[in-house]
Every structure is written in structure tokens, then in C-alpha cells.
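These notes are about the structure you will find just below.
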Amino acid sequence: MSVKPVRKAVLPVAGFGTRVLPATKSVPKEMLTVVDRPALQYVVDEALAAGITHIVFVTGRNKGAIEDYFDRAFELEVTLDAKRKTAILDELMQTVPKAGSVSFVRQQSPLGLGHAIWCARDIIGDEPFAILLPDVLIKSEQSCLAQMMEAYDRVGGNIIAVDAVPEDKISSYGVIAPDESAAKDGRLTKMTGMVEKPAAEDAPSNLKITGRYILQPEIMALLRDQEAGAGGEIQLTDAMARMMGSQSFHAFEYAGQDYDCGSKAGYFEAVAAYAIDHPSIGDEAREIMRGLLDK
Ligand code: G1P
């Protein structure tokens, strides 16, 4: 199937991070450290590994640290160079994107995820694009978005990453309705609907929307006049549900484990999971954790 390639990704980073206050009072939640780099770096790496060549950050007030992080740091670079700390300097330079390959747009009011995505419309133009929600880290052998891109090359349309979620957590997520009459195609399932944050008894399945999407640009027109939904916010899920009438949507069950860094327990779990698999401190981290549990 010949499909228009996905080159751009939108990363909404305007949220307050209320679930991990006070840590996020003056530090953007996306900049909280997971072992040795900000959580956001993992998500950017996932996008780049999938072939994304332009990243649009939708930011808000007090998020300046994110712009600084993805820029050169001359004083630091000169100092490290003078001290011949070349390995650290090399690592530092890897965080700097190619000139012109990132954009920042501001979401001036916190009106919801759907509104945040709509703020990127002029940069997205009429191309299909990816969305990665940076609260969610997905640890996998092959980048989750790269897995989705392979599926997209086959079936096109719109693809949403999903994963099974326990019943007591279901009301925290968008939930999809799989098309029970259609045969599964590997990790892909056709969808008949989706709903944002349903009560467990009303949920159409146990498959939550995980925070990775490949969408067609027509979603922007739907977001423009999308009314507020769950939580009084303009929801991406509601606009996608409307677009299902005219476009194909597949749910994609990726290979990998997701961690919700927007919550205290999820953030802790992410740090622990990345620490025990870290090339230089992994063994030590395992021992530390065993020691702590034995106490
Ligand atoms: C957002 C989406 C929701 C999705 C979730 C994944 O919700 O609206 O559909 O399941 O991210 O983390 P939020 O966590 O912003 O409330």
C-alpha cells in the first residue's frame, strides 16, 4: 500500500504535572530524571528511532527548561572540552537536535489534549503525523512508534496504540471498541468506536489508549470545533471518534511495557525498570533493590 510518509510528531508538554507535585512546581514533569536523562529524552528517542524528522513540542508557561535542554549549552561545552571530558561532551551533543528540526508552539490556556494538538496545526499542514504523550514511557526492543510505522505502511489510515488495563484503572484512560466481527491482522484490530474515561461498567473493552497515535491531518478540522468532553476538556478521543465515520482506524497492540510517569507510582516504576536494565548501573541497581526489600 502506498501511504503518505509520517515525518512529523507532536509532543504535548504543556500539562502542569499536578499528580507529582511539589516536584513539578518549578521543573516541568517531562524533565524529571529517569536514571540519567529526562523522561522526555526517551520519548524523543522513540520518535527519532521511528524515522520522525521534525518534532513539534506544544508547551506552556514555565516550560523553558525544555527549550534549553534541546539547545546547545556553549559554556558547558567549552568547559567540558577544556577539561578533555570528551565522552560526556559527546553524550551531551547527542541531545541537540539538527538545526530547524524542532518547533515549539504554545498552548496558552489548558483546554485539554485535543486543543494542545490543534495548536500544532499550522506546522503539521496536510501531512499525516504522530502524537507521543510524554507522560508515558514505553520500554521495548523496537521503538513502539517504529512498530506502528511498519503497520501504517501496510494499512495506512489512523493507528492508535492500545494495551490491556485492569478494570479498576479503566476510567483513567481512553478506551477503544474493537470490531468483534473483523479478524485480527497480527497486532492490528479494526475499531468501531472509542470513549474517553468511561466508567468501568460502560467501557467498550479493556483496551486503553496508551499515548501513541498516527493520525491523518483531517483530525485538525475536527479538533477546531470539538466541544469539551470528559473533565470539561477538549478531548482528542472525542474528535477521533467523530473521524471514524469517514476514515479507517486500527488499534495496535504493541510489544513493550508502558510506564505512566505522570503518577508517583508509575514514575517510580519507570525509574526502577530503566535502572535495572541500564548498561552501566544495571547490576548494581538490582542489588540495591534486592537489599532494600530484604531489610
Ligand atoms: C490522555 C488521553 C487518553 C489516554 C491517556 C494515556 O489522557 O486523553 O485517551 O488513554 O492520555 O495516558 P490523560 O492522561 O491526559 O488524562
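For reference, positions follow the sequence shown, starting with 1. Order of appearance sets the numbers: ligands from 1, and atoms from 1 within every ligand. As a basis for the values below, the full set of heavy atoms in this structure was taken, side chains included, without hydrogen atoms, waters or symmetry mates. No experiment lies behind these values; they were computed from the predicted model shown.
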> Is Lys184 salt-bridged to Asp179, cutoff N-O under 4.0 Å?
Replying inline: no
>> Counting only heavy atoms, tell me which of Glu196, Lys197, Arg19, Arg212 gets closest to atom 13 (P) of ligand 1.
In response: Lys197
>> Does the protein come close to atom 15 (O) of ligand 1 - that is, does one of its heavy atoms sit below 4.0 Å from that atom?
In response: no
> Taking 4.0 angstrom as the limit, do Arg37 and Glu91 come out as a salt bridge?
Replying inline: yes
> Starting from atom 11 (O) of ligand 1, which protein heavy atom do you reach first, and at what distance in Å?
Replying inline: Leu133 CD1, 3.3 Å
> Has Lys208 got any heavy atom lying under 4.0 angstrom from an atom of ligand 1?
Replying inline: no
>> Could you identify the single nearest non-hydrogen protein atom to atom 10 (O) of ligand 1 and state the distance to 0.1 Å?
In response: Ile209 O, 2.6 Å
>> Under a 4.0 angstrom heavy-atom cut-off, which atoms of ligand 1 come close to Thr237?
In response: 9 (O)
> Are Arg212 and Asp163 within salt-bridge range, i.e. N to O under 4.0 Å?
Replying inline: no
>> I want to confirm something. Looking only at heavy atoms, which of Val136, Val165, Asp238 is nearest to atom 12 (O) of ligand 1?
In response: Val136
>> Regarding Glu127 and Lys4, does a basic nitrogen lie under 4.0 Å from an acidic carboxylate oxygen?
In response: no
>> Tell me whether ligand 1 is touched by Asp135 - counting only heavy atoms on the residue side and a distance under 4.0 Å.
In response: no
> Has Lys29 got its NZ or CZ under 6.0 Å from the middle of the six-membered ring of Phe16, at an angle within 45 degrees of the ring axis?
Replying inline: no
>> Using a 4.0 Å cutoff against the non-hydrogen atoms of Leu113, which atoms of ligand 1 qualify?
In response: 2 (C), 8 (O)
> Can you find a pair of side-chain heavy atoms, one from Lys190 and one from His250, that are under 4.5 Å apart?
Replying inline: yes
> Out of Arg242, His115, Glu233, which one pairs with Gln226 under the side chain to side chain donor-acceptor pair (under 3.5 Å) rule?
Replying inline: Arg242
> Below 4.0 angstrom, N of the basic side chain to O of the carboxylate: do Lys85 and Asp90 qualify?
Replying inline: no
> Which atoms of ligand 1 are found less than 4.0 Å from any heavy atom of Gln235?
Replying inline: 8 (O)
> Within the structure, does Gly174 bring an N/O atom to less than 3.5 angstrom of an N/O atom in ligand 1?
Replying inline: yes
